[in-house]
Amino acid sequence: MNYWLLKSEPDVFGIDDLAKAPKKTEHWDGVRNYQARNFMRDDMNKGDQVFFYHSNCAEPGIVGIAEIVRAGYPDHTAFDPKEKYFDPKSDPDKPRWYMVDVRYRRKLKRPITLKELKENKGLKSMKLLQKGNRLSVMPVTEREWRAILALEKR
DNA sequence: GCCAACGTTGGC
DNA sequence: GCCAACGTTGGC
């Protein structure tokens, strides 16, 4: 099993939106970055655990836990000219972009803010904290996963 | 709103 | 293949 961190802007689609979705499940569509695409297409499996991260907001940080319930499959929003993330270069016979399905599990008892993650020496290696990192989909190591859950209990 | 960092595009 | 121009991300 793998661990991941998914970024989302709470003003656009936050943890509460996922919790309110039918079956508490949503397509993680609209990812238009090759590195993120590769993670979703090649490495995400059903059952993988996800930290739900709020970005571009007053208090960026990890706010909840979700689970991958469907592994990578073609992102059909790329084929539809009416969609915001339409990409004419993505051919249904040879899809350029992929998505996964994500199901809500729970909110953290309290948000673990970006600030707190940065202050934790054991988490320095986190991809999220690397300079200039803008990936919206990234792997989390098991050690990092456990360390962050331990922070929640403090 | 600002701006640094990064990814992508396209001319050459 | 190089690199300038441009668009986007996301913290602050």
Side-chain angles (χ1 to χ4, degrees), chain A residues 2-21 26-44 48-68 71-102 104-141 143-145 147-152 154:
Chain A
N2 297 317
Y3 298 97
W4 305 94
L5 184 144
L6 296 182
K7 287 182 191 170
S8 191
E9 300 185 25
D11 293 344
V12 179
F13 187 82
I15 185 81
D16 292 326
D17 296 306
L18 183 61
K20 277 185 285 186
E26 197 52 86
H27 316 293
W28 208 261
D29 59 21
V31 174
R32 299 291 180 267
N33 170 284
Y34 289 104
Q35 224 185 323
R37 188 274 317 264
N38 292 346
F39 285 136
M40 292 200 296
R41 188 189 59 188
D42 305 334
D43 300 321
M44 272 194 184
D48 286 359
Q49 300 296 301
V50 173
F51 279 138
F52 197 111
Y53 179 91
H54 280 172
S55 66
N56 229 328
C57 55
E59 280 247 290
I62 297 169
V63 293
I65 295 176
E67 179 174 337
I68 303 298
Y73 62 106
D75 182 344
H76 54 73
T77 67
F79 309 140
D80 183 350
K82 293 192 291 291
E83 289 283 347
K84 182 179 176 195
Y85 293 105
F86 170 62
D87 180 357
K89 291 180 194 144
S90 188
D91 180 339
D93 292 328
K94 212 184 166 199
R96 175 176 291 199
W97 305 115
Y98 282 71
M99 62 185 177
V100 295
D101 286 355
V102 173
Y104 174 86
R105 285 199 56 206
R106 68 178 180 88
K107 278 207 224 186
L108 295 188
K109 293 187 187 70
R110 61 186 190 85
I112 309 294
T113 62
L114 177 62
K115 179 168 177 286
E116 188 172 353
L117 294 171
K118 281 179 178 168
E119 285 165 359
N120 193 294
K121 290 195 184 70
L123 294 175
K124 275 208 164 64
S125 61
M126 272 190 86
K127 261 203 162 56
L128 178 72
L129 305 181
Q130 304 310 306
K131 185 178 172 186
N133 175 40
R134 303 185 324 186
L135 267 185
S136 64
V137 175
M138 70 188 88
V140 171
T141 67
R143 192 184 62 75
E144 291 160 356
W145 180 272
I148 290 163
L149 287 184
L151 285 180
E152 183 192 11
R154 274 200 206 155

Taking atom [atom2] of [N] as reference, at what distance in whole Å does atom [atom1] of [X] sit?
X        : N      : atom1 : atom2 : value
A:Lys84  : C:dG7  : NZ    : P     : 16 Å
A:Asn33  : C:dT9  : CG    : P     : 10 Å
A:Leu114 : C:dT9  : CG    : C1'   : 14 Å
A:Gln35  : B:dA5  : CD    : P     : 18 Å
A:His54  : C:dG11 : NE2   : C1'   : 16 Å
A:Asn56  : C:dT9  : CG    : P     : 9 Å
A:Asp87  : C:dT8  : CG    : C1'   : 15 Å
A:Leu128 : B:dA5  : CG    : P     : 17 Å

On the nucleotide C:dT9, are OP1 or OP2 found under 4.0 Å from the side-chain N or O atoms that A:Lys7 carries?
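So the side-chain polar atoms of A:Lys7 never come under 4.0 Å of the phosphate oxygens OP1 or OP2 of C:dT9.
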At less than 4.0 Å, is any side-chain N or O atom of A:Tyr53 found next to OP1 or OP2 of C:dG11? Yes or no.
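Yes, such a contact exists.
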If you check the [X] side chain, which of [options] turns out closest?
X        : options              : value
A:Tyr34  : B:dT8, C:dG10, B:dA5 : B:dT8
A:Lys118 : C:dG11, B:dT8, B:dA5 : C:dG11
A:Lys89  : B:dT9, B:dG7, C:dG10 : B:dT9

Is there a side-chain contact (heavy atoms from CB on, under 4.5 Å) between A:Leu129 and A:Lys124? Walk through the geometry before answering.
CA-CA 7 Å; A:Leu129 305 181; A:Lys124 275 208 164 64; 5.9 Å; no
Report the residue (A:Arg134 or A:Arg96) whose heavy-atom-nearest nucleotide on DNA chain B is the more 5′ of the two.
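In this pair, the answer is A:Arg134.
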To the nearest 0.5 Å, what is the distance between CG on A:Asp43 and CG on A:Asn2?
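Here the interatomic distance stands at 7.0 Å.
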Separation between OG of A:Ser90 and CG of A:Asp93, rounded to the nearest 0.5 Å
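So the OG of A:Ser90 and the CG of A:Asp93 are separated by 10.5 Å.
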Ring centers of A:Tyr73, A:Trp97 separated by less than 6.0 Å
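No; A:Trp97 has its ring centre 6.0 Å or more from that of A:Tyr73.
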Salt bridge check, A:Asp75 against A:Arg37: does any charged N sit closer than 4.0 Å to a carboxylate O?
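No salt bridge links A:Arg37 with A:Asp75.
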